[in-house]
Amino acid sequence: MAINITLPDGSVREYPDGVTGTDVAESIGSRLAKAAVAVKLDGESRDLSRPIESDAAIEIITENTEAGRHIMRHSAAHVMAQAVLDLYPGAKFAIGPPIEDGFYYDFQVEEPFTPDDLDRIEERMAEIISSNQSFERDVVSSSDAEGIFSDQPFKLEIIRGVDESEGVGGSEVSIYRNVDFVDLCRGPHVPSTARLKAVKLLRSAGAYWRGDENNPQLQRIYGTAWESKKELDAYLNRREEAAKRDHRKLGRELDLYSFPQELGSGLAVWHPNGGMLRKVVEDYSRQIHEDYGFVFVNSPHVAKADLWQTSGHLDFYADNMYPGMDLDEGQQYRVKPMNCPFHVLVYKSNARSYRELPLRFSELGAVYRYERSGVLHGLLRVRGLTMDDSHTFCTRDQLPEELAQHLEFVLTLLGEFGFEDFEADLSTRPEDKWVGDLELWEVATESLRSALVAANVPFQVAEGEGAFYGPKIDVHIKDAIGRRWQMSTVQVDFSLPDRFELEFTTPGNDRERPVMIHSAKFGSVERFIGVLVEHYAGAFPGWLSPVQLTIVPVADRHNEYANEVAAVFRAAGLRVEVDETDETVGEKIRRAITQKHPAIAVVGDKDVAANSVGVRMRGDDAERRGLPLGDAVAELTAAFAAPR
RNA sequence: GCCGGGGUAGCUCAGUCGGUAGAGCGACGCACUCGUAAUGCGUAGGUCACGGGUUCGAUUCCCGUCUCCGGCUCCA
């Protein structure tokens, strides 16, 4: 019997029944066969060695693709488990999936792994890899599997909970063996351990079984695997590059902010350079909010506990709030974790008419949230933050248009900060617990969806992941080195207007309840700046740079002219420093470059005589000498102009 | 909060198998007055995170606390 195999280019070849993926790959080319790790048969990933028994479309998965690396890493995880079980008798192994750029495996062992343990495990893995062990697939009944894994409680739990997505069927599971090691696994795997050419263990960490902190904490080992030493080194190099961009490190080097121990965890102080950066960012925020029809409101940092009771925060968010303080004969006050109740009170301060809506309230509001100590991370996760928060109140009819506007707003804002690559999550109504009116949920969700489509933003639907009070969009950006960050949120709220009994008067002189839209564009100013620092590696575009121009006098006698030049640039609106230190020109240039200042102007005898400057732009190796001062001012003011 | 690893000068780090410490950069001073990525010389600066214990003696060993880092968890 012969079967027909369709190749990705559409051509069809005839093979004997039972041909393997390896055979097919070899028939196409020996290089392809060498690079093959698995096949995709009618869209299903399978081992190379599995016989193909009917007509199918085939795709050879090679090791230099993401899908190929995924399989390789999964196999590497198996080898790691094998090594751990060899070295630590009695160890229980749980799950070991591939992840982005690597893999991990969770173990239950007597003692947590130390860095020395990782070295030992890595050595043992190298032995397993060089002994060229085949990965053999087998399908067994669930009850047989329970026998095989009788002393592995986590595997038993998986077998008993198995469903179609984890095994081959409800009553059967697939397992993979190599020599004396066997693991429950859906596969596929590389044909043999020898195909793992570049594996490295990175670190160990505690991790809860099934991600639930009520479950036992296991020891997770993270590793990475690549198709070649070269790719592995490139990856390790990328990690180093990312470390160089770390906003905590750059914050110190560029003198932007610090986290003094005396202050407390998760709390930052901003130095003058960082303060200027904040000012530029906040000024921009105010301007664009104004441009998009928002009005400014303001609110205090504390409020009576009753307010947080009404808003529901004490019911749903109390764990993240600072404890109360007793003031004025037992009156409880709370520090604010969010701005929404205040904006609601502004709404309530007047009887509202449909003529006023939509009302878009905006505030750069400082809020305090008690975050658990282990989650704090530089500026990206803090306990005191400033939200560029807004709350829009509109009618049901206005909702679709408002949501589209809000999305356009955040995309414009992110784009003007240099982020071009967006992705979004659309979170829809939870199944069980939700409030509001079903029809309105539909309208809001569809409006968000069509706004995303219209804005051409790729998005995923997080079905049922929304808050109980309304659907939302989270916008993520991709930074300069490809990392994704969640930034803006547009969140519909059907609950707060109810809780506070908000109303407006309709054209027919009835009372109706407005709908509310929460939106944070930066997320928080702190976090946004942290992401900006990492995105630009501290080399901010001119309009954001705390110092835009450093003026370098060649010798003391040029200081006076340097200051005159500085005054001219400052009058044109630039942020200028004059370096009058007792250093050589080379050293002053080096300092300005190290501080990532976008422009340097050197002034010497010839410039004094000609009313000119020598300009060197960041990133250029060369300078332009003798540029007339007026030309330089015009050029730099244009180059460093803020987007709005 | 949980698991692991750290905390030595402003920064980056070395060091002390228990006898109170050192470099580079930075800062400060002096000289140099210089045309595009480091001028030279000199000086100051440390309760070795904090508290307790062991010891003749603790920065070093032990315990606790704080804090940072990597994860987990959390992120209505």
Side-chain angles (χ1 to χ4, degrees), chain A residues 104 106 109 111-118 202-222 239 243 246 248-249 252-253 255 258-266 311-321 337-338 340 369-378 380-381 427 430 433 466-470 472 474 486 489 491 493 495-496 518 523 527 550 552-559 581-595 600-608 613-618 620-626:
Chain A
Y104 67 81
D106 287 345
V109 283
E111 293 289 323
F113 297 113
T114 64
D116 288 344
D117 289 326
L118 293 198
L202 299 172
R203 70 182 91 85
S204 64
Y208 298 101
W209 168 237
R210 296 196 187 260
D212 184 337
E213 67 184 298
N214 298 313
N215 286 337
Q217 186 162 39
L218 308 177
Q219 293 301 314
R220 175 171 297 177
I221 301 177
Y222 285 93
R239 281 166 60 97
D246 191 309
R248 295 164 298 187
K249 180 177 148 70
R252 188 166 48 241
E253 288 172 3
D255 201 12
S258 58
F259 302 88
Q261 301 219 348
E262 298 88 330
L263 241 189
S265 289
S311 69
H313 287 94
L314 283 178
D315 291 337
F316 300 107
Y317 202 69
D319 287 349
N320 282 299
M321 291 173 70
M338 295 193 190
C340 11
R369 296 177 180 180
Y370 176 74
E371 301 282 0
R372 300 212 278 176
S373 60
V375 307
L376 301 171
H377 181 91
L380 302 180
R381 198 69 185 275
S427 301
K433 192 167 167 254
F468 69 86
Y469 52 80
K472 72 166 172 180
D474 292 314
Q486 192 203 309
T489 307
Q491 166 81 59
D493 191 337
S495 171
L496 266 195
H518 306 251
R527 189 183 134 85
T550 306
V552 174
V554 172
D556 288 355
R557 64 177 178 281
H558 309 119
N559 284 356
T581 56
D582 239 5
E583 291 293 344
T584 58
V585 173
E587 171 62 8
K588 287 193 255 195
I589 300 272
R590 194 184 70 88
R591 287 183 186 187
I593 290 174
T594 307
Q595 289 294 301
I600 301 167
V602 176
V603 295
D605 289 332
K606 289 171 195 159
D607 296 298
V608 175
V613 293
V615 173
R616 166 190 279 260
M617 302 299 285
R618 184 180 59 209
D620 290 349
D621 288 338
E623 72 278 4
R624 286 171 291 152
R625 296 193 190 183

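Predicted, not measured: the structure shown is a model, and the values here were computed from it. Proteins get letters first, then strands, A, B, ... in listed order; numbering begins at 1 in each.
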Query raised in the report: Can you list the stems that RNA chain B is part of, where a stem is at least 3 pairs in a row, each Watson-Crick or G-U, with both distances below 3.5 Å?
Result: B:1-7 with B:66-72, B:10-13 with B:22-25, B:27-31 with B:39-43, B:49-53 with B:61-65
Query - For Ser204(A), all residues meeting side chain to side chain contact (heavy atoms under 4.5 Å, CB included), sequence neighbours excluded - result: Phe113(A), Leu118(A), Ile221(A)
Requested in this report: Quote, to the nearest angstrom, the P distance that separates C75(B) from G5(B).
Outcome: 28 Å
Query raised in the report: Mind checking the P distance from U65(B) to G4(B)? Whole angstroms is fine.
Result: 13 Å
Report task. Tell me which nucleotide among U39(B), G70(B), U33(B) gets nearest to the side chain of Arg203(A). Result -> G70(B)
Query raised in the report: Is a donor-acceptor contact shorter than 3.5 angstrom present between the side chain of Asp607(A) and the base of G35(B)?
Result: yes
Query - Sugar-phosphate only, base, or nothing, as touched by Gly586(A) at under 4.0 Å among non-hydrogen atoms - result: sugar-phosphate
**Report entry** Integer angstrom distance from the C1' of C48(B) to that of G7(B)
**Finding:** 10 Å
Query raised in the report: Which residues pass the salt bridge (Lys or Arg N to Asp or Glu O under 4.0 Å) test with Arg239(A), sequence neighbours left out?
Result: none
Requested in this report: Ignoring backbone atoms, establish whether His377(A) has a side-chain N or O less than 4.0 Å from OP1 or OP2 of C68(B).
Outcome: no
Query raised in the report: How would you list, by chain and number, every residue that makes a ring-ring contact (aromatic ring centres under 6.0 Å, His included) with Tyr222(A), sequence neighbours excluded?
Result: Tyr104(A)
Report task. Determine, for nucleotides 40-45 of chain B in 5'-to-3' order, which nucleotides have protein heavy atoms under 4.0 Å from the base (write B), from only the sugar-phosphate (write S), or from neither (write -). Result -> ------
Requested in this report: Kindly say if Tyr104(A) contacts the phosphate of C72(B), meaning a side-chain N or O under 4.0 Å from OP1 or OP2.
Outcome: no
Query raised in the report: Can you tell me if the side-chain N/O atoms of Arg252(A) get under 4.0 Å from OP1 or OP2 in U12(B)?
Result: yes
Query raised in the report: What residues form a side chain to side chain contact (heavy atoms under 4.5 Å, CB included) with Asn215(A), not counting sequence neighbours?
Result: Trp209(A), Arg210(A), Asp212(A)
**Report entry** Any residue meeting side chain to side chain contact (heavy atoms under 4.5 Å, CB included) with Gln491(A), in chain and number order, not counting sequence neighbours
**Finding:** Ala467(A), Tyr469(A), Lys472(A), Thr489(A), His518(A)
**Report entry** For Tyr317(A), ring-ring contact (aromatic ring centres under 6.0 Å, His included) partners two or more places apart
**Finding:** none
Query raised in the report: So, Glu253(A) and Arg591(A), do they make that salt bridge, N to O below 4.0 Å?
Result: no
Listed pairs, N/O of protein and of nucleotides 3-7 of chain B, under 3.5 Å:
from  : atom 1 : to        : atom 2 : distance (Å)
C3(B) : O4'    : Gln217(A) : OE1    : 2.8
C3(B) : O2'    : Gln219(A) : OE1    : 3.4
C3(B) : O2'    : Gln219(A) : NE2    : 3.1
C3(B) : O2     : Gly206(A) : N      : 3.3

Query raised in the report: Toward the 5' end of RNA chain B, which comes first, Glu623(A) or Ser265(A), by nearest nucleotide?
Result: Glu623(A)
Using atom names, set out every protein N or O paired with an N or O of nucleotides 46-48 of chain B below 3.5 Å, distance rounded to 0.1 Å.
none

Below 3.5 Å between N/O atoms, which protein atoms pair up with nucleotides 74-76 of chain B? Just atom names and distances, please.
from   : atom 1 : to        : atom 2 : distance (Å)
C74(B) : O2     : Arg381(A) : NH2    : 3.2
A76(B) : N7     : Tyr469(A) : OH     : 3.2

Report task. Residues of residues 588-595 of chain A with any non-hydrogen atom less than 4.0 angstrom from an atom of RNA chain B: list those, numerically ordered, please. Result -> Ile589(A), Arg590(A), Ile593(A)
Requested in this report: Calculate, to the nearest 0.5 Å, the distance between atoms CD and OH belonging to Gln217(A) and Tyr208(A) respectively.
Outcome: 4.5 Å
